[in-house]
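Read through the structure below, which is laid out as structure tokens, and then see the notes.
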Amino acid sequence: MRSHLGVSLLVVIFIWSFFSLVNNGAQGKCLDDQRALLLQLNQSIFFGTLSSKRDSWRLNTDCCSWGGIACDRAGHVISLDLRFEWGSSELNKSSSLFKLGYLVRLNLAQSMVDYAIPSGFDQLTNLEYLNLSYSGEFGQIPIEISRMTRLITLDFSRNGNSGSYLTDPDLGTLIRNLTQLRQLLLDGVFLSGQATKWCHTISSFLPKLEVLSLCECGISGPFDSSLLKLRSLSVLQLDDNKMFAEVPKFFSKFHNLTTLHLAYCELYGKFPERIFQLPMLQSIDLSWNDRLQGSLPEFPKDGLLHELVVSFTSFTNELPNSIGYLKFLSRLELRSCRFNGSIPTSFSNLNQLEHLDLSNNSFTGSIAKIEWKKFRKLVTLELANNLLNGQFQRVFSPYHQYHT
Ligand SMILES: *[C@@H]1O[C@H](CO)[C@@H](O)[C@H](O)[C@H]1NC(C)=O
Ligand SMILES: *[C@@H]1O[C@H](CO)[C@@H](O)[C@H](O)[C@H]1NC(C)=O
Ligand SMILES: *[C@@H]1O[C@H](CO)[C@@H](O)[C@H](O)[C@H]1NC(C)=O
Ligand SMILES: *[C@@H]1O[C@H](CO)[C@@H](O)[C@H](O)[C@H]1NC(C)=O
Ligand SMILES: *[C@@H]1O[C@H](CO)[C@@H](O)[C@H](O)[C@H]1NC(C)=O
Ligand SMILES: *[C@@H]1O[C@H](CO)[C@@H](O)[C@H](O)[C@H]1NC(C)=O
Ligand SMILES: *[C@@H]1O[C@H](CO)[C@@H](O)[C@H](O)[C@H]1NC(C)=O
């Protein structure tokens with residue numbers, strides 16, 4: 001009896017949560033004021049000629065069904081996705097865009113807002129997602145952004161060539177109150193005056209951070225151990241900064257790390273091998289750090305690595321046989337390092353490989369023992385400048401490039 005009751009209760013809970021899920025997903029009909037704002041906005045949108053959205057923005061239709069729009073149940077516009085579309089020179093503080101006060105997500109990436117970024121964003125007090133990447137030369141990022149305290153994602157990447165910067169406000173002032181941020185992407189934004197202070201700034205204010213991307217930001221090392229506060233970090237991308245630093249051992253404590261990109265960082269010293277063994281790691285790129293030493297450790301049996309790139313470093317030694325465990329590996333680039341020994345036979349297990357570059361190392365032995373015909377996805381294969389011998393069976397299609 002009791003167990004029956006338990007089961008029916010479970011069923012009720014299940015049905016209830018099912019319906020509440022469905023309901024949450026439901027959209028209401030567009031409210032008049034929201035439609036009016038969108039129509040005003042439409043005056044300044046330049047829909048690309050290939051735009052699939054353009055034709056859906058039609059009078060006498062429910063604006064919640066227009067391309068790039070999502071509404072809540074009451075009919076408020078909560079999401080606006082105008083990637084590639086915006087071509088306005090008229091985005092200013094009084095734009096109707098900033099009157100869409102229910103917006104939770106706003107994506108203006110790859111638009112052409114090639115003017116200074118307007119100061120109206122803080123009117124969007126509910127915004128959780130703001131994507132302004134690849135959009136223009138913004139100059140100074142305005143202080144208004146620092147008041148958008150509900151932001152979870154802020155992507156300001158790649159706006160012009162050093163065309164964006166954080167001077168006044170600086171990084172600390174910008175993020176001080178953005179404590180909900182989980183994704184911060186500022187690639188190409190010059191973080192002036194940060195030098196090595198960035199570690200401390202970010203780890204003090206953004207405890208929930210999962211994605212941190214600061215490529216080409218003019219920051220430098222050493223890495224401060226305060227970074228360890230970022231326990232949820234899963235993506236760390238710092239390519240193209242003159243770090244002049246060693247990679248600290250504590251990086252191997254980021255248990256949720258999936259992506260570590262540190263190319264062109266002027267790193268030196270011995271790279272902590274345990275980082276390669278992190279259980280969630282999918283992509284690691286340490287290339288173009290010619291003074292960075294290290295070797296590849298034994299890999300875990302259920303390794304998830306897709307990309308392993310250490311080209312143009314001082315990595316040395318033989319490849320471990322356990323590299324064959326990396327059954328998801330699609331990119332393996334070890335070009336111009338100092339690897340030696342023979343290519344392990346376990347290589348034949350790497351049948352997801354698309355890009356393999358072992359060139360310009362000291363690999364020895366025969367390549368004939370590798371079952372190359374298993375590499376059906378291979379697009380590039382570079383083995384030149386080694387001490388390898390042996391022949392391929394003719395297994396590659398004409399589309400493959402290979403150099404030996
Ligand atoms: C949006 O603007 C374009 C260009 O000004 C116009 O052709 C189109 O009819 C407008 N759409 C709506 C729904 O008003
Ligand atoms: C903002 O742009 C509109 C045109 O879209 C213009 O009429 C208005 O005067 C501008 N406001 C300011 C404060 O520049
Ligand atoms: C922002 O938009 C760009 C372009 O569509 C996309 O590549 C990028 O992943 C987006 N950023 C985030 C954090 O979603
Ligand atoms: C952050 O919030 C505090 C308290 O609400 C406020 O005094 C301060 O001015 C805010 N800082 C920024 C940069 O907005
Ligand atoms: C690591 O990821 C798992 C699964 O996504 C999550 O449950 C866990 O809370 C994360 N750990 C931290 C410290 O964020
Ligand atoms: C490979 O290089 C390492 C150090 O650079 C050396 O100790 C080792 O003997 C070399 N192994 C072979 C097989 O040449
Ligand atoms: C081969 O690697 C060495 C360093 O190990 C580098 O100096 C040289 O430029 C590389 N050659 C090519 C063709 O990449």
Side-chain angles (χ1 to χ4, degrees), residues 119-125 127 130 140-152 154 166-184 191 201-212 226-236 250-260 263-264 267-268 271 278-282 286-295 302 304 309-318 333-341 355-364 380-388 401 403-404:
S119 54
F121 282 97
D122 57 342
Q123 300 167 51
L124 300 175
T125 49
L127 213 61
L130 177 58
Q140 171 66 45
I141 295 179
I143 185 77
E144 280 75 10
I145 303 286
S146 71
R147 300 193 196 111
M148 305 175 72
T149 51
R150 299 217 178 155
L151 278 182
I152 292 171
L154 177 59
L166 270 171
T167 304
D168 182 19
D170 65 4
L171 179 66
T173 314
L174 183 86
I175 64 175
R176 182 179 308 270
N177 290 343
L178 304 185
T179 51
Q180 302 306 308
L181 272 187
R182 283 191 227 132
Q183 306 188 303
L184 177 64
L191 303 181
T201 306
I202 285 175
S203 56
S204 327
F205 296 136
L206 307 180
K208 298 185 177 171
L209 210 58
E210 293 167 11
V211 175
L212 178 62
S226 60
L227 279 179
L228 256 187
K229 286 191 213 157
L230 304 178
R231 277 311 168 107
S232 305
L233 207 59
S234 78
V235 174
L236 181 61
F250 70 74
F251 272 28
S252 62
K253 292 189 180 159
F254 292 129
H255 289 294
N256 275 7
L257 205 63
T258 60
T259 301
L260 179 64
Y264 294 94
L267 299 170
Y268 59 82
F271 185 80
L278 282 170
M280 309 297 270
L281 197 65
Q282 294 177 20
L286 306 171
S287 58
W288 294 96
N289 289 288
D290 56 0
R291 289 186 297 154
L292 186 65
Q293 296 163 9
S295 47
D302 38 11
L304 300 175
V309 180
V310 300
S311 297
F312 299 96
T313 62
S314 295
F315 268 60
T316 182
N317 274 326
E318 302 180 32
E333 298 188 5
L334 312 177
R335 181 185 198 128
S336 295
C337 299
R338 296 176 198 160
F339 288 104
N340 60 17
H355 304 281
L356 175 60
D357 188 347
L358 305 179
S359 63
N360 199 20
N361 281 285
S362 302
F363 287 113
T364 53
T380 41
L381 173 61
E382 306 269 356
L383 300 173
N385 281 337
N386 280 293
L387 306 165
L388 295 165
Q401 317 160 15
H403 302 105
T404 55

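Read the numbers this way: they start at 1 and go in the same order the structure lists the ligands and their atoms. Values in this document were obtained by computation on a predicted structure and should not be read as measured data.
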Protein contact for atom 11 (N) of ligand 5 (heavy atom, distance under 4.0 Å): yes
From CE (Met280) to OG1 (Thr259), nearest 0.5 Å: 11.0 Å
Side chain Ser311, main chain Ser287, donor-acceptor under 3.5 Å: no
Atoms of ligand 4 close to Thr173 [distance to a heavy atom under 4.0 angstrom, numbered from 1]: 13 (C)
Identity and distance of the protein heavy atom lying nearest atom 4 (C) of ligand 7: Ser336 O, 4.4 Å
Under 3.5 Å donor-acceptor, Asn385 side chain and Ser359 backbone: no
Donor-acceptor pair between Ser362 and Asn340 side chains, under 3.5 angstrom: no
Ligand-residue contact atoms, ligand 4 with Ser146, heavy atoms, under 4.0 Å: 13 (C), 14 (O)
Per-atom contact, atom 2 (O) of ligand 7, protein heavy atoms, under 4.0 angstrom: yes
Distance from atom 8 (C) of ligand 7 to nearest protein heavy atom, with residue and atom: Asn360 ND2, 3.6 Å
Sidechain-backbone polar pair: Ser314 side chain, Asp290 backbone, donor-acceptor under 3.5 Å: yes
Geometric N/O contact Ser232 with ligand 5, under 3.5 angstrom: yes
Short side-chain to backbone donor-acceptor contact, Asn289 and Thr313, under 3.5 Å: no
Asn177 and ligand 4 - part of the residue with a heavy-atom distance under 4.0 Å: side chain
Ligand-residue contact atoms, ligand 5 with Asn256, heavy atoms, under 4.0 Å: 1 (C), 2 (O), 3 (C), 8 (C), 10 (C), 11 (N), 12 (C), 14 (O)
Any protein heavy atom < 4.0 Å from atom 14 (O) of ligand 7: yes
Side-chain donor/acceptor of Ser203 to backbone N/O of Lys229, under 3.5 Å: no
